[in-house]
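Just so we're on the same page: letters track the sequence lines, and every chain starts at 1. Keep in mind that the numbers below use all heavy atoms, side chains included, and drop hydrogens, waters and symmetry copies.
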Amino acid sequence: MNGVWASAQGMTVGYPGRPVVEGVTFDLPLGSALGLVGPNGSGKTTLLRTLLGLLPPLAGRLDRPGARPGGVGYVPQQGAIDELFPFTVRDIVEMGLAARHSAWWGPAAAWRAEAQAALAAVGLADQAGRLFRELSGGMKQRALVARALAGRPDLLVLDEPTRGLDLGQTATLLRLLDQLRRDRGLTTIMVSHVLSDVLEHTDQLLLLHEGRVAFQGPTRGLTERDLQRIYGPDVAFPALAGATRSPGLANGAVAAAAPGSAPSSGLSRGEPGKEPAATASDGAAPSSTGPAAPEPGRREAPGG
Amino acid sequence: MPGDWLDLLSFFHDALLVAMVAGFLLGAMGVFLHLRRSLFLGAALPQVAGLGFILAMAVHLPAWLGALVVVAGFVGLLTWRGAGEAGGFTAEAAIGLGFVAAMAGSVLVTALTGTETHGLELLLKGSVLTSTCQDLHRLVGFGLPWLLVLLLMRRRLVLISLDPEMARAMGIPVRPFEVALFFGASVAIILTLQAAGAMACFGLLLLPGLGALAVASTVRGVFVWAAGLGMIGAVGGVAAALAWDLPAGPAMVVASLALTVICRWLGRGRFVPHPVS
């Protein structure tokens, strides 16, 4: 159990009388980056809430030896912050300090200094006084990362961090997250329905499909054949299986997108009639389960 | 004419002060409800408190005690509901249930006990013009300290209201803070209900915040503006009621509404969010 933030054995997550994902077994090593991928409604958020201790598992076992109060930094989806109120960027970041400091009034100067340091870490030091609602989508997400960092977390959880961002903003944000993880030794969980965002920026992958874990293991162990076995023969993802995947690309979507298709797809249709593969993997020993189902997933990764 | 006004002001001195404190209290408290997007709660709590008042009077108990017991039960139910995901209905539905049940219950109890006039006054008109020095002391002694407590916990309350999921993930105990917030709002409402009436209570929770959001440029400013607008709206309503012999509660609502419209007009074009990519 040492060296892991969390460990799940045969876990079922969901709500009483309504299991959402079954058979979840994995370890989340400290310092690792886990990608949690699946279409809308596949149970990503439910699994995430269970991992964070907000929901008890319905069955199986979940140990969280790395968890400590205030040790989680959470970056919500864009749009989760009410923009009717005139929050400055500093106001937003100071919310991240709320768990570490007294619930009562604290010295404003100390809070401000800590918020400023967190903003500097994400390259927004000069934006502290601006209204949050006036920032671009990419800057808003970086401000929310700063808010999470202000709490000095061990685990950084990002819920669809690139949703609504353009390609440049996505690349900037993902590069920043890589750097923060390296520099601070953070364990991260990135929830996304865009597979391409996760491929280059995580080292462990949990792929959810129809209430089950369809793939789990090292991210580099995922092959195009795995995806075709899970989602059907029409799925093509040339960024995988050593075809055109380039480590120089910030976002696998660029390699995967067909001309004229949405650049954020990361998953495109292949040639009809391609046979699904029965086995997974290129020696990295991932485990793959789950039914084969036709799943075009043109714009958003598997099933979105 | 000025002499008449001075006479009126001195005669209704306590009423004006009660209106001023009630407007200040409810205006500031309403900002938390705006932040939580729980404004329907601002409509439901006065109705529920009103039912408590009417029930207590029907069984000859102190009115404030009846209101406190009924409101505490309702808040307990709400926070218990909010804690679970498996109830099968939303928090908004639970608030709506409380609102409609309390309203129907109030009308039925007043009909059964022959106190329709009093019930109507409590729910619609309020009786601020008959406020006394004791009413003022109660408001200042209980309401303002609660508001101060909430403002001191403002940072956590803002986070919990704005992003409860993050607060939970960070290990902050969300439920006690929610209870403190709901209870604070309930205390403010119970203290002002008899004076302002349920309708004006809701109006003073809702309207000053709406106006403040249009003109304030900081979150702290929203609280200050809302408290100020609530105070001016309430006092303006009482003044209008005195001048034109109107029911005070609706006059406070109309005065607050006028201030809100002015603020929205003054603040037009201020809210220009960056387009989402």
Side-chain angles (χ1 to χ4, degrees), chain A residues 15-18 48-49 52-55 67-76 78-88 91-92 94-106 111 131-140 144 147-148 151 153 155 157 159 164-166 168-169, chain B residues 31-32 34-39 83-88 148-177 180 209-210 212-223 225-226 267 270-277:
Chain A
Y15 304 95
R18 189 161 61 90
L48 182 65
R49 298 188 73 211
L52 296 180
L54 305 178
L55 277 178
R68 65 170 175 86
V72 175
Y74 180 71
V75 180
Q78 198 177 154
I81 301 295
D82 189 336
E83 298 191 0
L84 283 177
F85 274 73
F87 287 110
T88 62
D91 289 333
I92 294 289
E94 284 185 358
M95 288 178 201
L97 300 167
R100 282 203 294 117
H101 293 278
S102 158
W104 303 95
W105 204 253
W111 285 59
L131 288 181
F132 179 76
R133 65 193 179 198
E134 291 174 350
L135 298 183
S136 69
M139 289 168 98
K140 280 178 186 166
L144 292 174
R147 182 178 74 160
L155 174 71
V157 176
D159 192 358
L165 303 189
D166 67 26
Q169 292 171 334
Chain B
V31 177
F32 287 110
H34 277 279
L35 200 54
R36 281 186 59 86
R37 304 242 169 151
S38 296
L39 285 161
E85 302 267 341
L148 185 65
V149 166
L150 293 182
L151 288 176
L152 286 175
M153 294 193 298
R154 182 172 64 100
R155 282 190 168 121
R156 278 202 181 180
L157 284 173
V158 166
L159 172 64
I160 285 165
S161 299
L162 195 70
D163 198 347
E165 201 72 356
M166 178 184 174
R168 287 192 189 97
M170 289 170 71
I172 294 174
V174 169
R175 210 180 309 172
F177 284 96
L210 268 184
L213 280 171
V215 289
S217 53
T218 64
V219 175
R220 183 178 297 180
V222 173
F223 281 95
W225 270 96
R270 282 174 66 106
F271 178 35
V272 186
H274 194 286
V276 173
S277 306

*Would you check, one step at a time, whether the test side chain to side chain contact (heavy atoms under 4.5 Å, CB included) holds for L52(A) with R168(B)?*
CA-CA 9 Å; L52(A) 296 180; R168(B) 287 192 189 97; over 6 Å; no
_Between L84(A) and R37(B), does the side chain to side chain contact (heavy atoms under 4.5 Å, CB included) criterion hold? Intermediate values first, please._
CA-CA 11 Å; L84(A) 283 177; R37(B) 304 242 169 151; 3.6 Å; yes
*Taking it one step at a time, do L162(B) and F85(A) satisfy side chain to side chain contact (heavy atoms under 4.5 Å, CB included)?*
CA-CA 10 Å; L162(B) 195 70; F85(A) 274 73; 5.9 Å; no
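Looking at heavy atoms from C-beta onward, R155(B) lies out of side-chain contact with L97(A) at the 4.5 angstrom threshold.
Between chain A and the residues L159(B), V222(B), I160(B), the most heavy-atom pairs under 4.5 angstrom are made by L159(B).
Here the closest heavy-atom approach between residue A169(B) and residue L54(A) is recorded as N-CD2, 4.0 Å. Closest heavy-atom contact between S217(B) and L131(A): O-CD2, 4.0 Å. Closest approach of Y74(A) to E165(B), counting heavy atoms only: OH-CG, 4.0 Å.
If you measure heavy-atom distances from R147(A) to chain B, the contacts under 4.5 Å come from both the backbone and the side chain.
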